Amino acid sequence: MGEAPSGEPRLLTGENLDALVGVLAARGWTVVGPTVRDGAVVYDRLASARDLPEGWSDEQGPGTYRLRRTGGPARFSYSVGPHSWKQFLFPPERLLWRAAREGAGFRVLTEDTPPPRYAFLGVRACELAAIAVQDRVFLGGTYTDPDYRARRERAFLVAVNCGQAGASCFCASLGTGPRATSGYDLVLTELLDGERHDFLVAAGSEPGRQVLDALPTRPAAPADLAAAEQATAHAAAQQVRAVALDGLKAALEDRLDSPRWDEIAGRCLTCGNCTQVCPTCFCVAVEDTTDLAGMSAARLRRWDSCFSLDFSYLHGGSVRRSGKARYRQWLTHKFAGWVDQFGTVGCVGCGRCITWCPAGIDITAELASLRAEAAPAGEGAHDGGDGPDDA
């Protein structure tokens with residue numbers, strides 16, 4: 001995937017969007033994209049462009065999500081839903097190995113089936129940023145995840161620039177949206193004006209250029225480029241939430257004993273919703289299972305959450321027994337610990353953790369409150385561990 005579009009942008013009419021799905025499927029990709037199901041926009045397999053959320057928008061806020069029927073031809077007039085592309089690149093459950101008894105010993109059974117070739121249609125800029133963060137986590141260190149690498153290398157990414165923002169979005173403040181700048185194979189901008197419904201399409205890689213060349217497009221005019229710029233500028237201007245990263249890491253590390261953590265813990269249910277919908281969280285648990293007859297065994301990797309009491313369990317008990325300790329671990333790891341580990345924060349401003357928190361906790365407000373506090377004398381000397389109240 002290239003760092004910038006290759007070639008000139010083209011114009012694809014709305015009625016020809018299905019050609020994109022057809023070309024991707026014909027070239028061996030399983031097309032996955034947004035669709036409406038169970039009262040939300042979720043990611044699932046697409047048989048055609050008709051499966052996209054045509055004429056749907058959404059209303060989001062702290063602990064609030066509602067779909068709203070708008071009518072019209074728009075296919076991407078909504079913000080992100082509860083799903084992220086993480087579920088396809090880093091599945092919620094993965095078999096690590098399976099073994100079967102053979103006489104006095106056992107035989108390890110391997111699965112050599114390659115992962116699916118997915119084409120992700122409708123990847124927002126913040127989600128591209130999230131995939132880039134997970135690339136650092138799983139591929140950037142000394143030890144890499146071979147399953148993630150295989151899935152990542154086989155994926156084709158069709159980004160969509162945002163024309164409107166949700167009330168929970170704050171990507172503009174983090175520089176991760178609403179316009180996609182890199183990491184995609186193709187990028188679409190939906191152009192809506194009166195009766196008009198077109199897509200500005202640009203390639204960001206050689207595979208993307210090949211797909212673009214196979215589509216029924218025409219050259220884009222300067223007015224089309226201006227309309228696309230106006231759409232993303234409008235989405236950025238709509239955002240009412242923000243996180244200022246400058247000095248935030250030091251501020252969090254200086255406020256590990258802040259009374260604000262107790263106030264947040266009084267509202268937090270430690271349900272783990274925020275970590276499940278987050279596109280960058282990667283906590284897992286490894287579980288071993290055997291059948292009742294003792295003839296087979298398996299080791300599985302499953303998504304877990306740092307909000308789970310058992311996640312930090314060591315011999316003798318959990319390291320973080322209080323909700324305060326677990327919430328503090330999550331938030332400070334996102335905006336401080338990740339910087340030390342991976343050279344970036346673990347947040348991309350998608351706002352999912354705000355929308356899908358049943359208690360309506362807004363991390364942008366909590367971060368602003370923690371930053372605004374005056375650090376008590378000597379607090380900066382805290383070693384970063386859990387205090388006695390958490391033991």
Side-chain angles (χ1 to χ4, degrees), residues 2 4-36 41 43-58 68-79 118-125 127-128 156-165 177-181 184-235:
S6 57
E8 294 298 322
R10 307 282 297 178
L11 207 66
L12 179 73
T13 64
E15 62 186 16
N16 283 327
L17 183 61
D18 198 44
L20 173 58
V21 178
V23 169
L24 292 171
R27 298 188 178 209
W29 282 291
T30 297
V31 183
V32 178
T35 190
V36 174
V41 173
Y43 297 147
D44 206 343
R45 294 189 178 187
L46 303 178
S48 73
R50 291 185 296 275
D51 294 333
L52 293 167
E54 182 176 353
W56 286 98
S57 186
D58 57 23
R68 178 168 54 88
R69 201 68 160 108
T70 61
R75 306 294 178 92
F76 301 100
S77 292
Y78 52 86
S79 185
Y118 285 125
F120 301 148
L121 173 57
V123 186
R124 304 301 178 122
E127 297 179 309
L128 288 172
F156 186 97
L157 275 57
V158 182
V160 172
N161 287 324
C162 294
Q164 67 179 49
R179 179 176 176 270
T181 58
Y184 55 81
D185 295 292
L186 286 178
V187 60
L188 311 178
T189 306
E190 193 167 26
L191 304 179
L192 299 160
D193 185 10
E195 297 298 318
R196 180 187 189 183
H197 184 221
D198 295 320
F199 290 92
L200 186 71
V201 191
S205 69
E206 179 57 27
R209 186 193 62 77
Q210 293 173 8
V211 171
L212 180 56
D213 288 344
L215 298 177
T217 62
R218 61 177 174 81
D224 300 322
L225 303 180
E229 289 290 339
Q230 184 178 4
T232 53
H234 173 70

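Computed from a predicted structure; not experimentally measured.
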Q | ring-ring contact (aromatic ring centres under 6.0 Å, His included) contacts in which one or both residues fall within residues 188-224, not counting sequence neighbours | A | His197-Phe199

Q: Of all the heavy-atom pairs spanning Pro34 and Phe76, show the shortest one and how long it is.
A: CG-CE2, 4.1 Å

(Q) Is it the case that the side chains of Ser57 and Gln164 hold a donor-acceptor pair, with the cut-off being a distance below 3.5 Å and no angle test? (A) yes

Q | Worked check of side chain to side chain contact (heavy atoms under 4.5 Å, CB included) between Val32 and Asp44 | A | CA-CA 5 Å; Val32 178; Asp44 206 343; 5.7 Å; no

If you look only at distance, which donor and acceptor atoms sit under 3.5 Å apart when one is on a side chain in residues 210-223 and the other is two or more places apart or in another chain?
unit_1	atom_1	unit_2	atom_2	d
Gln210	NE2	Glu206	OE2	3.3
Asp213	OD2	Arg209	NH1	2.5
Thr217	OG1	Arg10	NE	3.0

Q. Taking C-beta and beyond as the side chain, do Leu225 and Pro9 meet within less than 4.5 Å on heavy atoms?
A. yes

Q: Please determine if Arg124 forms a cation-pi arrangement with Tyr78, meaning its NZ or CZ atom is less than 6.0 Å from the six-membered ring centre and no more than 45° off the ring axis.
A: yes

Q) Just wondering, do Leu12 and Asp198 contact through their side chains at under 4.5 Å, heavy atoms? A) no

Q: With rounding to the nearest 0.5 Å, note down the distance linking CZ in Phe120 to CG in Leu186.
A: 14.5 Å

Q. Counting N and O atoms only, with roles assigned by atom type, does the side chain of Glu190 sit under 3.5 Å from a partner on the main chain of Arg75, one being a donor and the other an acceptor?
A. yes

Q. Do the non-hydrogen side-chain atoms of Tyr184 and Leu128 ever get within less than 4.5 Å of each other?
A. yes

Q: Rounded to the nearest 0.5 Å, what's the gap from CG on Leu11 to CG on Leu191? Could you check?
A: 6.5 Å

Q.
Keeping Ser77 on the side-chain end and Ala74 on the backbone end, is there a donor-acceptor pair under 3.5 Å?
A. no

Q.
To the closest 0.5 Å, what do you measure between CG (Leu52) and CZ (Arg50)?
A. 10.5 Å

Q | Arg45 atom CZ: more than 12 heavy-atom contacts under 6.0 Å | A | no

Q.
Could you report the tightest heavy-atom contact between Asp58 and Ser79, atom names first, then the distance?
A. OD2-N, 3.0 Å

Q) So, Thr35 and Asp51: side-chain donor and acceptor under 3.5 Å apart, yes or no? A) no

Just distance, no hydrogens or angles: give the donor-acceptor pairs under 3.5 Å from side chains in residues 16-29, sequence neighbours left out.
unit_1	atom_1	unit_2	atom_2	d
Asn16	ND2	Thr13	OG1	3.0
Asp18	OD1	Ala49	N	2.7
Trp29	NE1	Arg154	O	3.3

Q.
Would the distance check show the side chain of Asp185 and the main-chain N or O of Leu157 forming a donor-acceptor pair, the cut-off being under 3.5 Å?
A. yes

